[in-house]
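Encoded as structure tokens, the structure appears first; notes follow it.
Note that the structure is predicted; figures quoted are calculated from it, not measured. By convention in this document, chain letters (A, B, ...) are assigned in the order of the sequence lines, proteins followed by strands, and residues within each chain are numbered from 1.
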Amino acid sequence: MADSESAPCLNTALIPKRSMTARGRRTRPSLTFPVSLVALLLLWHLVVVGFRVPLYILPTPGATLVALWNGLTANPLTAGSLLFHVGVTLRGAALGFIVGGTTGVLLGVLIGESKALERILMPYAVGLQSVPKIAIAPLVMIWFGYGLPSTVVLTALLTFFPLLINTYSGLNVVERDYLLLMRGLRASRWQTLWWVKVPSALPMIFAGIDLAIVYSLLGAVVAEFVSGSAGIGVVIIKYQYINDTAGVFAALMTLSATAIVLHSIVRLLERRAIFWRKRDAHKQITATA
Amino acid sequence: MIAIKNLTKVFVSTKGEQVTALEGLSLDIAPHTFVTVVGPSGCGKTTLLMIVAGLEFYSEGQVLLDGKAVCGPSDDVGIVFQRPVLLPWKTVMENTMLPAMVRGLKDGHYRERAVELLRQVGLEGFIGHYPSELSGGMAQRNAITRALVLDPRLLLMDEPFGALDAITRDRMMLQLTELWESTRKAVLFITHNIQEAVFLADRVIVMSPRPGRIIADVPVDLPRPRDLDVMSHPRFVELTSRIRERLEIGK
């Protein structure tokens, strides 16, 4: 005993690695990303110029940036502006998200709370969920006509399922002890739902919202591909027709930036709503379709 | 206060077999007495507590609370579980107030009572904090105030200190006896720790392995108020070894 206490630990595997101990390094803004980004853009440029790739196959980063600049600086009230089209796409996505998401959460709560409703509705929910919603787009056009109504319906369909399923599962993963506690207090069903089950389900619901945000943009763009008169989807199709690949790239970048901003807003709201959760829990990246 | 007569609990296991958890168990708990139940794990002592709490059905026998059959949870009974089971999105104060909130009693009387209880367990400085900021011992003390806020006449405790380290456990035992001296509620306290059982109790009930039966009922005549020195008292040592012997024979 005395030996093992006095002898210094020589096992190097037990000594923490520098990257793990130097906590300060993580909080300092890292140069890795900007450097790798510049390197990537440079490589992209060299490939296009070096292999003489035609601009309609792969534009240079310069040409893409010019298209992006022109698109973003144009008068936002005109069809030449990327911001105008982002606005149109966002409007459709947001309306669809609100309709589909709200319905999803409410039905999720109902199915989660009522065994009878669960038995009646779950088979349909599971069945419908397995239908690739994008494939319904043409059908939605037939039923709801061109433009905004179709965009909203398709987006609502896409955002409905992640929120239905996540709300329903979230309400069902509540720790048994909490339910026992509430039962012991003779709490009403509503009190148990509101004070225990819904807060417990919030992480799952937010994961659903995060997924639904991406789906809502997807739904809006696909609807615009099929039948839109404005929006990022229309811009992409338009530039594709005239072989302006730099324009397509610029549109895609704008769309991605929009998705990233929306994602950050959701994360911010989530951190506010689930204030009791430890910070580390947010450090996961979820894959989205 | 509590009268249990010939209680038997049979349940069907996941494999479909009939398991007798408790068999012919009779126990009376007088008001203002601290009763601890010791037994090996799986002897059905938690089941016994859940039945008294009205959270579990029983197969045969009688469980009376003040002469009335127990058929559901009651305001006269406060429960402390193995884990604190605090709602992480509610503050320490809100967690203590939870039973009152469920009843819609948010008036000053219960607030004052909650604050007083939190003061008694040394949590007055944490009223606005959230459970994630509490240590294991503090969280369990918060849970105890929650069980006491409606001023129940019977307190049920299911191995509440089981998950705590030895030092914290000693401190909690001491604090619980002090709290008990000042309130003198009837307590049914489940544990598998013999020292804890003797230290806290007026009476120690010893249970056999499944099917759970009472194999000894040991009155603890140690003087009160007790402090940790009581554990080196010859009588304490005698009682713990007697209970240990009973548990050995029970096996």
Side-chain angles (χ1 to χ4, degrees), chain A residues 1 105 108-109 112-113 115 166-167 169-210 266-284, chain B residues 46-47 49-57 70-92 94-106 129-134 139 142-143 146-150 152 154-160 163:
Chain A
M1 260 327 263
V105 169
V109 170
E113 279 295 284
K115 282 269 169 263
N166 279 32
T167 306
S169 333
L171 293 177
N172 274 295
V173 297
V174 181
E175 278 183 58
R176 229 187 112 261
D177 286 358
Y178 287 146
L179 299 180
L180 200 63
L181 168 75
M182 294 308 273
R183 208 148 63 81
L185 296 176
R186 288 193 286 130
S188 69
R189 182 176 221 173
W190 176 253
Q191 287 169 333
T192 306
L193 175 69
W194 198 237
W195 291 349
V196 173
K197 286 188 174 181
V198 168
S200 301
L202 275 182
M204 289 282 284
I205 293 176
F206 268 99
I209 291 177
D210 222 11
V266 171
R267 276 290 149 106
L268 195 75
L269 290 175
E270 180 180 6
R271 226 163 286 169
R272 283 280 167 84
I274 313 174
F275 59 89
W276 61 89
R277 210 159 47 149
K278 293 272 184 297
R279 285 242 149 186
D280 294 354
H282 295 277
K283 280 219 154 187
Q284 47 180 345
Chain B
T46 294
T47 310
L49 181 124
M50 288 299 162
I51 289 171
V52 176
L55 289 169
E56 185 103 62
F57 297 110
V70 170
C71 53
S74 152
D75 279 357
D76 264 336
V77 179
I79 312 168
V80 180
F81 298 95
Q82 282 173 15
R83 298 195 306 122
V85 205
L86 300 170
L87 302 180
W89 43 88
K90 299 229 181 246
T91 62
V92 167
E94 286 168 337
N95 270 293
T96 301
M97 283 289 284
L98 189 70
M101 298 299 277
V102 167
R103 302 268 161 280
L105 308 164
K106 28 191 136 170
H129 288 237
Y130 285 91
S132 61
E133 300 165 271
L134 304 180
N142 194 178
R146 179 182 60 201
L148 290 173
V149 77
L150 289 183
L154 173 68
L155 188 59
L156 302 174
M157 306 181 87
D158 184 13
E159 295 187 40

Next item on the list: Give, as side chain, backbone, both or neither, the part of B:L86 having an atom under 4.5 angstrom from any heavy atom of chain A.
Entry: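 For B:L86, backbone heavy atoms alone lie under 4.5 Å from chain A.
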
Item checked: Which portion of B:M50 sits near chain A, non-hydrogen atoms under 4.5 angstrom ->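 Side chain only.
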
Item checked: Sidechain-backbone polar pair: B:W89 side chain, A:W195 backbone, donor-acceptor under 3.5 Å ->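 Yes: the side chain of B:W89 pairs with the backbone of A:W195.
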
Note to self: Does anything in residues 182-189 of chain A reach chain B? List residues with heavy atoms under 4.5 Å apart, or say none.
What the structure shows: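 Residues A:M182, A:R183, A:G184, A:L185, A:R186, A:A187 are the ones that qualify, each having a heavy atom under 4.5 Å from chain B.
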
Next item on the list: Check salt bridge (charged side-chain N to carboxylate O under 4.0 Å, His left out) between A:K197 and all other residues, then give those that pass, not counting sequence neighbours.
Entry: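 Checked A:K197 against salt bridge (charged side-chain N to carboxylate O under 4.0 Å, His left out); matches are A:E113.
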
Notebook entry, point to check: Any idea which of B:R103, B:Q82, B:M101 has the most non-hydrogen atom pairs under 4.5 angstrom with chain A?
Noted result: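 Ranked by heavy-atom pairs under 4.5 Å with chain A, first place is B:R103.
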
Notebook entry, point to check: Taking B:L87, B:I79, B:L150 one by one, which has the highest count of heavy-atom pairs under 4.5 Å against chain A?
Noted result: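 The candidate making the most pairs under 4.5 Å is B:L87.
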
Next item on the list: Locate the shortest heavy-atom distance separating A:Q191 from B:V102; write the atom from each residue and the value.
Entry: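 For A:Q191 versus B:V102, the nearest heavy atoms are NE2-O, 2.9 Å.
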
Checklist line | Shortest non-hydrogen separation from A:L181 to B:V85 and the atoms involved | finding: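 Closest pair (atom of A:L181, atom of B:V85, distance): CD2-O, 3.6 Å.
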
Note to self: Side chains of B:P88 and A:Y178, heavy atoms from C-beta outward: is any pair under 4.5 Å?
What the structure shows: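 A side-chain contact exists here, since the closest heavy-atom pair is under 4.5 Å.
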
Check: Which bit of A:L180 comes within less than 4.5 Å of chain B, counting heavy atoms only: side chain, backbone, both or neither?
Finding: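 Answer is both: backbone and side chain atoms of A:L180 are under 4.5 Å from chain B.
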
Margin query: Need one label for A:S200: side chain, backbone, both or neither, based on atoms under 4.5 Å from any heavy atom in chain B.
Written below: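 Contact with chain B: backbone and side chain both.
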
